[in-house]
Protein chains: 2
Amino acid sequence: MPPKSTNSQKTPCQQCPLRGLAHFREFTPDELDFVSRFKTGELSVDAGATILVEGSHSAHLYTVLSGWAFRYKLLSDGRRQILNYAVPGDLVGLQGSIQGEMQHSIEALSPVTLCVFERDKLDQLFTRYPSLAYDLTWIAAQEERILDEHLLSIGRRTAIERAAYLLAFMFERGRASGLVSNRAVLPITQQHVADTLGLSIVHTNKTLRKLADRRLIRWQDRGCLVLDDEGLAAVAGWEGLPETRRPFI
Amino acid sequence: MPPKSTNSQKTPCQQCPLRGLAHFREFTPDELDFVSRFKTGELSVDAGATILVEGSHSAHLYTVLSGWAFRYKLLSDGRRQILNYAVPGDLVGLQGSIQGEMQHSIEALSPVTLCVFERDKLDQLFTRYPSLAYDLTWIAAQEERILDEHLLSIGRRTAIERAAYLLAFMFERGRASGLVSNRAVLPITQQHVADTLGLSIVHTNKTLRKLADRRLIRWQDRGCLVLDDEGLAAVAGWEGLPETRRPFI
DNA sequence: CGCGGATTTGAGCGACGTCAAGGAGCGTGG
DNA sequence: CCACGCTCCTTGACGTCGCTCAAATCCGCG
């Protein structure tokens, strides 16, 4: 497990690369000012690094600035369930900040940089920036919505539907957050897919092969190239994500 | 599907029966005053009634005051996934209020009464009562945590582990919110269990039988009597819910 | 070149699904 | 009171989806 690395302020919020994207909402100058003071540093980790561990009490919460990460839980015998993926603009570690102890772990899927916030300043945010507090609640509600969809998928979709849903979902999120250009690859292994879908790795492999045979995806360069995201969504019977502009912090 | 019924203010927040329970946090007089103005009415529905429908834009959000409800989603061919259950003190409909459109439906499992709040006043809550705004975020994060656990369960636990987890979970939540005394029954059918666990009803029946043979539960009076909640938790390998005091609104 | 991780494939098996039928409990109408 | 028609629970037979075991291949890296 590669270690974490640098920890120094780099990107000023005023020049945050996410602010330009149509997908995210604007800040008022006042909010931007607060957020830039709320942010106390930046953290860069390698692919495979653990960002937060279940059971820990972190003094920080983070917004993903670049790269892919994922949240997961383990059973005592090692069975792993991946809960969701995080892309730029996503907040991670809120749970630990607001409820004391992390109930899941977070790991980097690719090299990741994160904006670091101090939980102690959350009070100020709620007290003085109700619009940002509202955003925080919005973000939590959005995560909930996505977990609902995952639950529906794992509980009631067949293996091929689940796989198609997951890849369409990741492609959409990746695209909206600027991570996935048309020819970029989702940086996951088939083991990740298996642990997200609740399937064995062998069956996952056979299921992905079917999707590849239908020319919906191609597995290459240790990742998944999505050839036809609408085709995937159709296989899954999935509507896609709502196209609202997302707040972030 | 039985219709909704009464809609008139009944229980003043000052006399809210939930405030006495050790499980919930206290209000300051100021907060209590605001909440009692935030609450615009009360809604009582029969068992089986639909409280909110996927796709609707509700002008309200609700706190369960008494009874059991559940959230669910459907696939286009009718497959149903139950996402979570709501007990007294739980907020439902936040998603619709904060993001426009409900992405899931909510149905009453038993007769249910709900406190009705107007989404238009949410602004005031965030602006003038940061402590309540914080609570709202706390509640959303808590729901997230529970969905994480469900996802782990459906994705990685076996049928018998899943069933044991679900029943232990519901028992704990019911007890903490004052719904389940020691000899009370969880008001669910085996179809509900199946749709929560992602199993067929036949297999659910056979799985519940195994739990009954081990004297952990008994199925009676159209519901589930939990005989040994710790035994269930042990079968599932589940730690139980954290014992924090819960905020509610 | 050797090694470890990721992917691929086949064979056999077991968990869980589907189909089918029957029984128990309860409310309604005759 | 009884007949009926629900809904819910139960059980058996059998099929299949997805799991485990096992082995081979590919690849990047030291």
Side-chain angles (χ1 to χ4, degrees), chain A residues 1-2 46-49 75 77-82 107 109-110 153-167 185-213 217-225 235, chain B residues 1-2 46-49 75 77-82 107-110 153-164 166-167 185-213 217-225 235:
Chain A
M1 198 174 290
D46 295 334
L75 289 174
D77 62 2
R79 283 174 282 177
R80 179 175 76 168
Q81 177 64 40
I82 294 180
E107 186 176 318
L109 208 47
S110 65
S153 200
I154 298 196
R156 287 307 187 196
R157 282 195 246 249
T158 64
I160 197 165
E161 289 169 346
R162 281 184 227 184
Y165 159 71
L166 174 65
L167 297 172
V185 143
L186 304 175
I188 45 174
T189 67
Q190 298 190 0
Q191 184 69 63
H192 290 120
V193 176
D195 286 346
T196 311
L197 302 183
L199 297 172
S200 73
I201 187 165
V202 173
H203 196 68
T204 297
N205 178 276
K206 289 168 183 169
T207 302
L208 291 173
R209 168 134 308 283
K210 288 183 193 169
L211 292 177
D213 289 346
I217 62 168
R218 190 181 304 145
W219 211 267
Q220 67 177 34
D221 301 335
R222 331 214 121 209
C224 178
L225 175 62
V235 168
Chain B
M1 197 175 290
D46 294 334
L75 290 174
D77 62 1
R79 283 175 282 177
R80 180 175 76 166
Q81 178 64 41
I82 294 181
E107 186 176 319
L109 208 46
S110 64
S153 200
I154 298 196
R156 287 307 185 196
R157 281 196 245 250
T158 64
I160 198 166
E161 289 170 346
R162 279 184 229 183
L166 174 64
L167 297 172
V185 143
L186 304 176
I188 45 174
T189 68
Q190 298 191 359
Q191 184 68 64
H192 291 119
V193 176
D195 287 347
T196 310
L197 303 183
L199 299 171
S200 73
I201 186 166
V202 173
H203 197 68
T204 297
N205 178 276
K206 289 168 182 169
T207 302
L208 291 173
R209 169 135 306 283
K210 289 183 193 169
L211 292 177
D213 289 345
I217 62 168
R218 190 180 305 146
W219 211 266
Q220 65 177 34
D221 302 336
R222 331 213 121 209
C224 178
L225 176 63
V235 168

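Throughout, protein chains are lettered first and strands after them, A, B, ... in sequence-line order, and every chain is numbered starting at 1.
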### Task
Give the B/S/- string for nucleotides 15-30 of chain D, one per nucleotide from 5' to 3', where a protein heavy atom under 4.0 Å of the base yields B, of only the sugar-phosphate yields S, and otherwise -.
---BSBB---------

### Query
Considering the options B/L167, B/T196, B/D195, which one meets the side chain to side chain contact (heavy atoms under 4.5 Å, CB included) requirement together with B/I188?
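Single pass found, and it is B/L167.
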
Figure out the [atom1]/[atom2] separation between [X] and [N], and round it to whole Å.
X	N	atom1	atom2	result
B/R209	D/dC8	CZ	C1'	14 Å
A/I217	C/dT8	CD1	C1'	14 Å
B/W219	D/dT7	CH2	P	18 Å
A/D213	C/dT8	CG	P	11 Å

Report the distance from atom [atom1] of [X] to atom [atom2] of [Y], rounding to the nearest 0.5 Å.
X	Y	atom1	atom2	value
A/E161	B/R79	CD	CZ	4.5 Å
A/I160	A/R209	CD1	CZ	12.0 Å
B/K206	B/S200	NZ	OG	8.0 Å
B/L208	B/Q190	CG	CD	5.0 Å

### Query
Short question: side chain of A/R156, backbone of B/L199 - any donor-acceptor pair under 3.5 Å?
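Yes: the side chain of A/R156 pairs with the backbone of B/L199.
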
### Message
Are more than 12 heavy atoms, taken from residues, nucleotides or ligands other than B/R218, located less than 6.0 Å from that residue's CZ atom?
### Response
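Atom CZ in B/R218 is not packed in, count stays at 12 or less.
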
### Query
For B/N205 and D/dC9, is the shortest distance between a side-chain N/O and OP1 or OP2 below 4.0 Å?
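Looking at the OP1 and OP2 atoms of D/dC9, neither is under 4.0 Å from any side-chain N or O of B/N205.
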
### Query
Of all of residues 187-196 of chain A, which get a heavy atom below 4.0 angstrom from DNA chain D, listed by number?
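By residue number: none to list.
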
### Task
Before giving the answer on side chain to side chain contact (heavy atoms under 4.5 Å, CB included), spell out for B/R162 and B/T207 the whole-Å C-alpha distance, their side-chain angles and the decisive distance to 0.1 Å.
CA-CA 10 Å; B/R162 279 184 229 183; B/T207 302; over 6 Å; no

